[in-house]
Every structure is written in C-alpha cells, then in structure tokens.
Amino acid sequence: MVKNIIYIDNDLLNSTIAQNDGGVALSKSDSLSNTKTESESNDGKASLSAKIKAPFSEVEAGLGGGVGNRTDVSTAESQLLDTVFHDYSLNILLDELSDELKTTENDLSINDYVVFNSNFSAYDFQQLKNVTDLDVFNKFEASMNLANQDEIQELKEKIKQLKKAPNKDRTTIAKIEQEQKSLEHSLGDTGDVFKLLNGFANLADTLYPNTVLFSTDNSITLANKKNFRISTSQISSLSNAIHEIKIFGIVMSKQNSDTTTDMSNFAPETINTIPNILSNVLLDSFNIAKQGTNIILPIAIYFE
C-alpha cells in the first residue's frame, strides 16, 4: 500500500536500522588528489559508494563524476545515504521489527516500538501563539469595524439628533448607543478567549519548541518540525482530516499527572522538575493528555 508520508525522522530511522541489522555505510572510496574528510580544493575526480544491509536485501548505490574546484566528501556521503534510505528504508525497518512491533496504543511499555492508526488532533503551538496575539486580534477587530463604519456613522448621527431634541427619549438613545457599541465591538468577548489561548500557547511553545504535538486516543506524539514534508499551514489543516493517521515510533515515557503542583516548597535539587510539572498541568488542563498517556517519539507519520 502506498504511504502518503508527511513526516520522517531520517536520523532516527537510519540509527534504528543500523542498530538492528548493521544498516550502515560499509565503504567509501575517493580519488581526490589529497583526501580529507573536510572539504578541499582539487581538480580531480571523486566517487562514493555505500551498501546498506537489510533483513531481506542489500541496497547499493554509488556517486561518481567530475568534481569542481571544491568537494565536500562528508556532505556528499550524507546526501547519498539520505537518498538510499529514503522512503524505502521505512518499509525495511517496519518489516525488520514486525515480530516485536506493537500495533495498538494500549498496554505499551517504555521503549516499545509501535505503529498504530488513530483519529487525531494536531497542535502547532507556535502558530497558535501567533494567531492569538492581541495585536493580531486588534487588527482583525479594526477591520471588522471598518466594514461596519457606514452603519456606525449613521447611528452616531441619529444619537446626535435625538440628544438635540427638546424632549430627549433617553430609552431610545440608550438602545441605539448599545447597538453602536455592539457594532464597534462586533467580536464581543472573543478578545478574552484570545488572551486565554495566547497564554496557553506561549507556555506550550516554550515547553515544546519547534514541535507539533499529535494527540490520539491514548498517546501524544512529539514531532520535530524540521522533519515534516508539508508546510505549517498544511499541518494546521490536518486536524480537519476525516481519516485516521498512522504513527510509527518509540514510547519514550508515560504522562504522570499526579506530580505535585505545589511549587512553594521546592528544594534546589528538584528545580529541574518544574518544566515537567508545568507540562503535566498544561496538557491535563486542556484534556490533551491524562495520567498514563503514552509519550511517543515518532520515526514516521503517514496516511495510507
């Protein structure tokens, strides 16, 4: 089945293959006039070759050709290995781990390899922080007011005329003034909601920088942004997906919501636990994670 891969951690993928079945570059040859692992100037020719061992096959690849005035062997090798492993490496590893791979989110232990399907929510805290910024909200509200400007001005004129009348109808004036206020603040109490969300997003982005958090039935998955193959806007739209996502990764730890939240009696030697406590409180308060939730380090995230 074809995989629509939206995330893959090549370093973790390659490392896991290497540790399980010797999936490493076994040879490298070059014919530079003066070989070094760092880049050097030369007019020679260079070639690289690598072999990756897998449980049922060996993949070989080579790169050769003329080298310009500057060649970086280490970079070229790295790019070659990235290409060799690529998506096919994911299938190799899934097959290699098939006997020990857990396939549900239930009854998992730390260090288990797991691949499972689930409905999900995706949280990009940096984007949430940006869109709930009060400056952004104020500009949006101002644009809404501009759209209502003609109607607001009309109400102002009506109030002005009513106040000039000998017998002022205060009830009518108050009613129109309320209507004007509603148009000038058409978003109502949304600003308070933005403040709440922005405070949450700022703390979450501090605790989980450069991370997209996937919340599934019994797990949260912490995905590093640099490993995504899709854009930030596409990531935020993922939560609207009606089909399940597939997550392949390693269970790092379990959510412990029972950690004390009393910070008044902290000893210096326990100050390192504060980020973990804040994380527990944050995720528990917004029902993103609960006691015992699996915390997963993803190797790949995809749709099938």
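Linking Ile, Leu, Val, Met, Phe, Trp and Tyr whenever their side-chain heavy atoms come within less than 4.5 Å puts F286 and L207 in one cluster. V115 and M252 fall within a single hydrophobic cluster, where Ile, Leu, Val, Met, Phe, Trp and Tyr side chains are chained together by heavy-atom contacts under 4.5 Å. Placement of L197 and L282 in two distinct hydrophobic clusters is found when ILVMFWY residues are connected by side-chain heavy-atom separations under 4.5 Å, directly or transitively.
Contacts classified as salt bridge (charged side-chain N to carboxylate O under 4.0 Å, His left out) and involving residues 100-121 (residues at least two apart or in different chains) are given here: K102-D112. Applying the salt bridge (charged side-chain N to carboxylate O under 4.0 Å, His left out) test to pairs two or more places apart or on separate chains, those with a residue in residues 203-226 are D124-K225, K129-D205. Within the structure, ring pair (Phe, Tyr, Trp, His ring centres under 6.0 Å) pairs that include any residue of residues 230-250 comprise H243-F303 (at least two apart or interchain). Counting only residues at least two apart or on different chains, no salt bridge (charged side-chain N to carboxylate O under 4.0 Å, His left out) pair has a member in residues 232-243. A ring pair (Phe, Tyr, Trp, His ring centres under 6.0 Å) check over residues 218-237, counting only residues at least two apart or in different chains, returns the pairs Y7-F228.
A distance-only check finds no donor-acceptor pair linking the side chain of S15 to the backbone of D11 [under 3.5 Å]. For the pair S279 (side chain) and P275 (backbone), a donor-acceptor distance under 3.5 Å is absent. For D284 (side chain) and N280 (main-chain N/O), no donor-acceptor pair under 3.5 Å exists by modelled atom type. Formation of a donor-acceptor pair under 3.5 Å by the N202 side chain with backbone atoms of N198 is found in this model. Between the N294 side chain and the N218 main chain, a donor and an acceptor come within less than 3.5 Å of each other.
With rounding to the nearest 0.5 Å, the separation of OH in Y208 from CG in L213 is 6.5 Å. If you take CD on Q255 and OG on S219, they are separated by 11.5 Å, rounding to the nearest 0.5 Å. In this structure, the separation between CD on Q291 and NZ on K254 is 10.5 Å, given to the nearest 0.5 Å. Of the inter-residue distances, the one linking I5 atom CD1 with R229 atom CZ reads 5.0 Å to the nearest 0.5 angstrom. The CD1 atom of I235 sits 6.5 Å away from atom CZ of F214, with the distance rounded to the nearest 0.5 Å. From N4, atom CG reaches atom OH of Y302 across 11.5 Å, with rounding to the nearest 0.5 Å.
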Contacts under 3.5 angstrom, residues 155-162 side chains, donor-acceptor by atom type, not counting sequence neighbours:
none

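F200 is listed as a side-chain neighbour of L128, based on a closest heavy-atom distance under 4.5 Å. Residues L222 and I295 meet the side-chain proximity criterion, which asks for heavy atoms closer than 4.5 Å. The shortest side-chain heavy-atom distance between T293 and L283 does not fall under the 4.5 Å cut-off. With a 4.5 Å cut-off on side-chain heavy atoms, Q234 and I6 do not count as touching.
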Q. Would E96 and T16 count as a side-chain contact (heavy atoms from CB on, under 4.5 Å) if you check the C-alpha gap in whole Å, the side-chain angles of each, and the deciding distance to 0.1 Å?
A. CA-CA 10 Å; E96 185 177 324; T16 307; over 6 Å; no

Q. Is there a side-chain contact (heavy atoms from CB on, under 4.5 Å) between I299 and Y113 once you walk through the steps?
A. CA-CA 10 Å; I299 297 173; Y113 287 97; 4.2 Å; yes

(Q) Does F116 form a side-chain contact (heavy atoms from CB on, under 4.5 Å) with I296? I'd like the steps, not just the answer. (A) CA-CA 12 Å; F116 62 90; I296 293 177; 3.6 Å; yes

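Among all heavy-atom pairs drawn from T216 and N119, the shortest one is CG2-O, 3.5 Å. The two residues A201 and F125 have their closest heavy-atom pair at CB-O, 3.8 Å. Minimum heavy-atom separation, I301 to A223: CD1-CB, 4.1 Å.
Between P298 and the options I8, N224, T221, a side-chain contact (heavy atoms from CB on, under 4.5 Å) holds for only T221.
Atom CD of Q153 sits in a crowded spot, with more than 12 heavy atoms from other residues, nucleotides or ligands closer than 6.0 Å.
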